Amino acid sequence: MLDPKIIRSDLNSVAEQLKKRNFELDVATLEALENNRKACQVNTESLQNERNTKSKSIGKAKAAGEDIQPLLDEVAGLGEKLDAAKSELNEVQRQMDAILMGIPNLLHDSVPVGKDEDDNVEIRTWGQPKTFDFDVKDHVDLGAVNGWLDFETASKITGSRYVVMHGQMAKLHRALIQFMLDVHTNEHGYTEVYVPYIVNSESLKGTGQLPKFEEDLFCVDKEAGHYLIPTAEVPVTNIARDEIFDAAQIPLKMTSHTPCFRSEAGSYGKDTRGMIRQHQFDKVEIVQLVSADKAWDVLEELTLHAESILQKLELPYRTVVLCSGDVGFSAAKTYDLEVWLPGQQAYREISSCSCFGDFQARRMQARWRNPETNKPELLNTVNGSGLAIGRTLVAVLENYQQEDGSILIPEVLKPYMGGVEKLQA
RNA sequence: GGAAGGGUGGCUGAGCGGUUGAAAGCACCAGUCUUGAAAACUGGCAAGGGUUUACGCCCUUCGUGGGUUCAAAUCCCACCUCUUCCGCCA
């Protein structure tokens with residue numbers, strides 16, 4: 001969430017900035033609530049002060065052996081007045097919180113203004129889209145060979161938007177995971193973490209999925225408030241929730257492989273073919289928790305870490321910066337990596353790298369102690385996919401396909417495939 | 001699942017109805033001493049919020065939520081969580 005102080009002191013400028021996101025801030029309501037809050041809080045606190053002072057004097061009088069009855073009479077009725085004031089204040093604060101929790105992050109100045117994904121701006125490209133001297137297939141047709149990708153069986157077992165992988169395809173999927181984790185831990189200095197795939201609602205509030213985006217999540221236990229993770233970002237980032245780290249402990253650099261579960265509630269009819277948009281997919285996530293002064297450099301660095309995976313796999317891609325209308329709720333700036341898919345003749349998102357400033361850290365109360373001031377300060381959070389495994393598998397299939405339908409194994413994956421050179425059609 | 005015992009500041013840990021936001025120790029910061037460091041000594045040191053031009057004053061917080069009371073870290077209830085033992089189990 002945003003710093004309540006800037007909302008109080010600079011509401012109009014906040015509203016102005018949010019317009020770039022097509023977000024209309026109800027300034028009048030917020031101002032009215034704020035004025036009300038102020039009055040209620042002052043009133044409540046002065047009543048509390050009165051109660052505390054009088055209670056102490058009763059204690060002293062009693063210790064001195066004096067008659068306390070007159071003092072007790074004085075304090076009669078105070079309790080009810082206090083209760084009334086408190087419940088009024090609570091109600092105002094509840095209303096304000098509801099609004100505050102629904103306000104998206106402010107954007108970084110460098111984010112281009114735009115309406116939707118069509119206004120995203122290409123930053124750089126890497127590699128050339130491959131040309132083939134035969135008719136290319138998409139991953140669904142390629143995966144049909146040998147029953148490698150089996151959507152029918154998955155729909156029997158569960159339903160649409162799931163996949164069963166068989167044999168060498170399942171192994172290739174696993175190889176991608178191992179490869180990515182190895183690169184990030186060995187070359188980029190991340191520590192591998194294994195985390196729960198079910199999280200509580202506090203964690204989801206911390207990273208910003210709740211309260212606003214509950215429909216995107218799978219709830220496994222309504223009563224306990226337990227949900228399947230939509231991304232490793234949630235459990236990994238929440239490692240820092242309610243913690244104060246020493247300066248020597250940051251930056252925290254963590255990577256984790258997890259499955260991700262998304263209801264895809266808002267995407268009916270979109271990408272229904274193949275495994276581009278699944279309810280369950282795997283991802284290797286990279287996360288950094290850093291001091292505020294480093295955050296923007298770290299976003300650039302972390303994006304390059306994700307890009308390096310595509311480069312090692314020799315998959316052509318481009319990097320785009322999301323425009324103001326397309327940046328997610330909690331992010332201040334986002335780069336998407338889009339891999340070239342010959343089967344679609346298009347670049348498709350394979351990674352999303354974002355800097356959140358202190359937006360998530362404030363919700364989580366994730367802090368570090370600055371040795372210069374000796375005071376706790378909010379961390380900044382930066383994360384990205386490094387990469388989405390299912391979509392990477394799709395990209396490998398389509399980019400490494402041969403005319404006979406077999407798939408060459410990228411050089412860097414061969415050690416993970418037990419020396420296998422290609423998936424034989 | 002059964003039994004018992006815990007959850008207190010950055011950490012360890014005392015307190016078990018009233019001047020305790022909380023002893024003591026560690027860590028940290030400043031100073032004295034020292035060529036410098038260490039040790040020793042002295043002092044400082046929770047977070048969040050409100051209000052004020054400011055000094056300051058005030059409120060909240062001892063796992064969470066409720067209750068009792070003029071007054072709760074302290075008593076009562078529920079829940080969460082950790083440890084140990086037993087049972088069951090991948």
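Below, chain A is the first sequence line, B the second, and so on; all start at residue 1. Note that these values count all heavy atoms, side chains included, but never hydrogens, waters or copies made by symmetry. Treat the numbers as computed from the prediction; the structure is a model and nothing was measured.
Put simply, CD on A:Glu66 is 18 Å from P on B:G18, counting in whole angstrom units. Put simply, CD on A:Glu243 is 15 Å from C1' on B:A47, counting in whole angstrom units. The separation between A:Asn200 atom CG and B:C79 atom P is 19 Å, rounded to whole Å. In this structure, CG of A:Asp221 is placed 11 Å from P of B:C80, rounded to the nearest angstrom. In this structure, A:His226 places its NE2 atom 10 Å from C1' of B:C80, rounding to the nearest Å. As rounded to whole Å, 10 Å separates atom C1' of B:A27 from atom CG of A:Asn374.
With rounding to the nearest 0.5 Å, the separation of CG in A:Leu252 from CH2 in A:Trp368 is 12.5 Å. Residue A:Phe213 holds its CZ atom at 12.5 Å from CG of A:Leu204, rounded to the nearest 0.5 Å.
Between A:Ile409 and A:Met417, the closest heavy-atom pair is CG2-CG, 4.0 Å. Counting all heavy atoms, side chain and backbone alike, A:Gln209 lies closest to A:Pro230 at CG-CG, 4.2 Å. The shortest non-hydrogen separation linking A:Val412 to A:Lys312 is CG2-O, 3.4 Å. Here the closest non-hydrogen pair linking A:Met101 and A:Arg363 is O-NH2, 2.8 Å. For the pair A:Leu172 and A:Leu413, the tightest heavy-atom approach, listed with the atom from each and the gap, is CD1-CD1, 3.8 Å.
No donor-acceptor pair closer than 3.5 Å links the side chain of A:Arg241 to the backbone N or O of A:Gly206.
For the side chain to side chain contact (heavy atoms under 4.5 Å, CB included) with A:Cys355, the lone residue among A:Leu299, A:Leu302, A:Thr303, A:Thr381 that qualifies is A:Leu299. Of the listed residues (A:Asn370, A:Ile244, A:Asp358), just one forms a side chain to side chain contact (heavy atoms under 4.5 Å, CB included) with A:Glu377, and that residue is A:Asn370.
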Checklist entry - Which nucleotides of nucleotides 50-78 of chain B have their base under 4.0 Å from a protein heavy atom (B), which only their sugar-phosphate (S), and which neither (-), written as one string 5' to 3'? => result SS------BSS---------BS-------
Next on the checklist: Treating primed atoms plus P, OP1 and OP2 as sugar-phosphate and everything else as base, which nucleotides of nucleotides 8-13 of chain B get B, S or - for protein heavy atoms under 4.0 Å?
Outcome noted: --S---
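Across all strands shown, A:Pro371 has no heavy atoms under 4.0 Å from either base or sugar-phosphate atoms.
Between A:Phe329 and A:Phe359, a ring centre-to-centre spacing shorter than 6.0 Å is recorded. Taking the six-membered ring for Trp, A:Tyr162 and A:His279 have ring centres closer than 6.0 Å. Side-chain rings of A:His305 and A:Tyr190 approach one another, their centers coming within less than 6.0 Å.
The separation of B:C86 from B:C76, taken at their P atoms, amounts to 30 Å, rounded to a whole angstrom. Separating the C1' atom of B:A27 from that of B:U81 is a span of 27 Å, rounded to the nearest Å. B:U20 and B:U68 have their P atoms separated by 27 Å, given to the nearest Å. Nucleotides B:U19 and B:U60 are separated by 14 Å at their P atoms, to the nearest Å. B:G67 sits 32 Å from B:U52 when the P atoms are compared, rounded to a whole Å. Remark: the separation of the P atoms in B:C26 and B:G43 is 14 Å, to the nearest Å. Comparing B:C29 with B:G10, their C1' atoms sit 14 Å apart, to the nearest whole Å. Comparing the same atom, C1', in B:A14 and in B:G21 gives a spacing of 15 Å after rounding to whole Å.
For RNA chain B, each stem of at least three Watson-Crick or G-U pairs (distances under 3.5 Å) is given as range with range: B:1-7 with B:80-86, B:10-12 with B:24-26, B:28-32 with B:40-44, B:46-51 with B:56-61, B:63-67 with B:75-79.
Side-chain atoms of A:Asp336 and A:Ser352 form a donor-acceptor pair, as typed in the model, at a separation below 3.5 Å. A:Glu398 and A:Gln344 are not linked by any side-chain donor-acceptor pair at a separation below 3.5 angstrom, with hydrogens and angles left out of the test. In this model, a donor atom of one side chain and an acceptor atom of the other lie less than 3.5 Å apart for A:Asp182 and A:Tyr416.
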Compile the donor-acceptor pairs under 3.5 Å between side chains in residues 61-69 of chain A and protein atoms, sequence neighbours left out, one pair per line.
from    : atom 1 : to      : atom 2 : distance (Å)
A:Asp67 : OD1    : A:Gln69 : N      : 3.1
A:Gln69 : NE2    : A:Asp73 : OD1    : 3.0

Contacts under 3.5 Å, N or O only, protein and nucleotides 30-32 of chain B:
none

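RNA chain B is contacted by no residue of residues 82-92 of chain A, taking any non-hydrogen atom closer than 4.0 Å.
For B:G18, neither phosphate oxygen OP1 nor OP2 lies less than 4.0 angstrom from any side-chain nitrogen or oxygen of A:Lys60.
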